[in-house]
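Encoded as structure tokens, the structure appears first; notes follow it.
Here is the naming used below: chain letters follow the sequence lines, and residue numbers restart at 1 for every chain.
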Protein chains: 2
Amino acid sequence: MIQSDRALACCAPLAREPMTADQAEQVSGLLKAIADPVRLRLMSMILSHQGGEACVCDLNDAFDLSQPTISHHLKVLHQAGLLDREKRGTWVYYKAKPEALSAMNTLFATAGRQPS
Amino acid sequence: MIQSDRALACCAPLAREPMTADQAEQVSGLLKAIADPVRLRLMSMILSHQGGEACVCDLNDAFDLSQPTISHHLKVLHQAGLLDREKRGTWVYYKAKPEALSAMNTLFATAGRQPS
DNA sequence: CGTCTATATTGACACAGGCCGATATACGGT
DNA sequence: ACCGTATATCGGCCTGTGTCAATATAGACG
């Protein structure tokens, strides 16, 4: 049900040429997912954790929010294609998808001009 | 009234260490501003335009939206610190701020591991 | 000064989305 | 089978935001 694998692929630098409406729709999906303080912290925690993954149980405790709320945010990140989900026994581990990061990185590449 | 000059400065890579709540709040301001399909296209159009700037009159015509709506989106981008505004005669030109782009670029830097 | 054009502001509306409590599901241990 | 723990889903509330029509502001030009 992950929706934006296309978005992960389609990211030319913003400055390269005007985006089409469709591209913008795709990419904004990714960005909306990460443009939230809680989800930013979640991504940051997961990314900077050992192996780029973390257990939900650890993440819950780091916030002053209810467990369902954290679960909701993780779902948003997962559906956007930013996190992979893996269940190991009782626990669930979310893992950052490097492609997503590098897609964003490319999007904001400051190279106004490409060597063609 | 530009609010997030601090945000432009404070962007360590997401993967470097867990963000604080304050940092996340700052950065999410930037990302929220650009996480909209119309604003993405606006940024892209401005960035890929000659000199990294464009006249509002050109931007209005590129969308199927009312003039006040485009004006609103430009204001959001300006207040977030992503665009500079300059009035020349009757026309207003918005210009991309390179620091903003490179801040985002750094934020999503894919350097998971630092040589310690 | 009056008028035309370019851009911004205001007010209203509809919809999206963050949050919680309650509840459901799934798994491990006894 | 039962219970406790970990995570997800549901329903509802409330705030935030994208959009428009109407109006305001500001500059250019006669």
Side-chain angles (χ1 to χ4, degrees), chain A residues 1-4 21 24-43 45-46 49 53-80 82-95, chain B residues 1-4 21 24-43 45-46 49 53-80 82-95:
Chain A
M1 160 114 9
I2 290 128
Q3 58 162 194
S4 51
E25 209 69 43
Q26 295 279 338
V27 175
S28 75
L30 262 189
L31 289 172
K32 270 182 206 290
I34 210 176
D36 173 276
V38 174
R39 293 198 287 268
L40 267 175
R41 289 179 67 197
L42 283 169
M43 283 300 291
M45 287 171 135
I46 294 171
H49 204 268
E53 70 173 16
C55 173
V56 176
C57 53
D58 295 327
L59 301 172
N60 274 325
D61 299 342
F63 294 85
D64 228 23
L65 294 168
S66 71
Q67 173 268 319
T69 297
I70 300 299
S71 184
H72 162 71
H73 284 303
L74 288 168
K75 182 180 182 180
V76 171
L77 290 169
H78 177 237
Q79 286 189 137
L82 290 163
L83 292 180
D84 271 334
R85 197 183 109 99
E86 188 183 344
K87 190 160 192 171
R88 293 194 212 128
T90 310
W91 295 277
V92 173
Y93 291 78
Y94 282 93
K95 184 169 185 175
Chain B
M1 161 107 18
I2 291 131
Q3 56 160 198
S4 51
E25 210 70 42
Q26 296 279 336
V27 175
S28 74
L30 261 189
L31 288 172
K32 270 182 208 287
I34 210 176
D36 173 276
V38 174
R39 294 198 286 269
L40 266 175
R41 289 179 67 196
L42 283 169
M43 283 301 291
M45 286 170 136
I46 294 172
H49 205 268
E53 71 174 17
C55 173
V56 175
C57 53
D58 296 327
L59 300 172
N60 274 326
D61 299 341
F63 293 85
D64 227 25
L65 294 168
S66 71
Q67 174 266 319
T69 296
I70 299 299
S71 185
H72 162 70
H73 285 303
L74 289 169
K75 183 181 184 179
V76 171
L77 289 169
H78 177 238
Q79 287 190 137
L82 290 163
L83 292 179
D84 271 335
R85 197 182 109 97
E86 189 183 343
K87 191 159 192 172
R88 293 192 212 131
T90 310
W91 294 276
V92 174
Y93 291 78
Y94 281 94
K95 183 169 183 176

Is it the case that atom CG in D64(A) sees more than 12 heavy atoms from other parts of the structure closer than 6.0 Å? no

Option among L83(A), V38(A), D36(A) that satisfies the side chain to side chain contact (heavy atoms under 4.5 Å, CB included) test with M43(A): L83(A)

Closest contact, heavy atoms only, V92(A) versus K87(A): CG2-CG, 4.2 Å

Kindly say if R85(A) contacts the phosphate of dT7(D), meaning a side-chain N or O under 4.0 Å from OP1 or OP2. no

Is the NZ atom of K95(A) crowded by more than 12 outside heavy atoms at less than 6.0 Å? no

Side-chain N or O of Y94(A) closer than 4.0 Å to phosphate OP1/OP2 of dA8(D): yes

N/O to N/O distances under 3.5 Å, protein versus nucleotides 27-30 of chain C:
none

K32(A) to R39(A) - nearest heavy-atom pair and separation: O-NH2, 3.3 Å

All heavy atoms of L30(A) vs all of A80(A), minimum pair found to be CD2-O, 3.4 Å

Return no unless some side-chain N or O of R39(A) is found under 4.0 Å from OP1 or OP2 of dG18(C). yes

Please step through side-chain contact (heavy atoms from CB on, under 4.5 Å) for the pair F63(B) and M45(B), ending with a clear verdict. CA-CA 11 Å; F63(B) 293 85; M45(B) 286 170 136; 3.8 Å; yes

At a heavy-atom distance below 4.0 Å, what parts of residues 66-76 of chain B sit against DNA chain D? S66(B), P68(B), T69(B), H72(B), H73(B)

Decide yes or no for L74(B) and I46(B): does some side-chain heavy atom of the first lie under 4.5 Å from some side-chain heavy atom of the second? yes

Nearest nucleotide by nearest heavy atom, which residue falls closer to the 5' end of DNA chain D, Y93(A) or K32(A)? Y93(A)

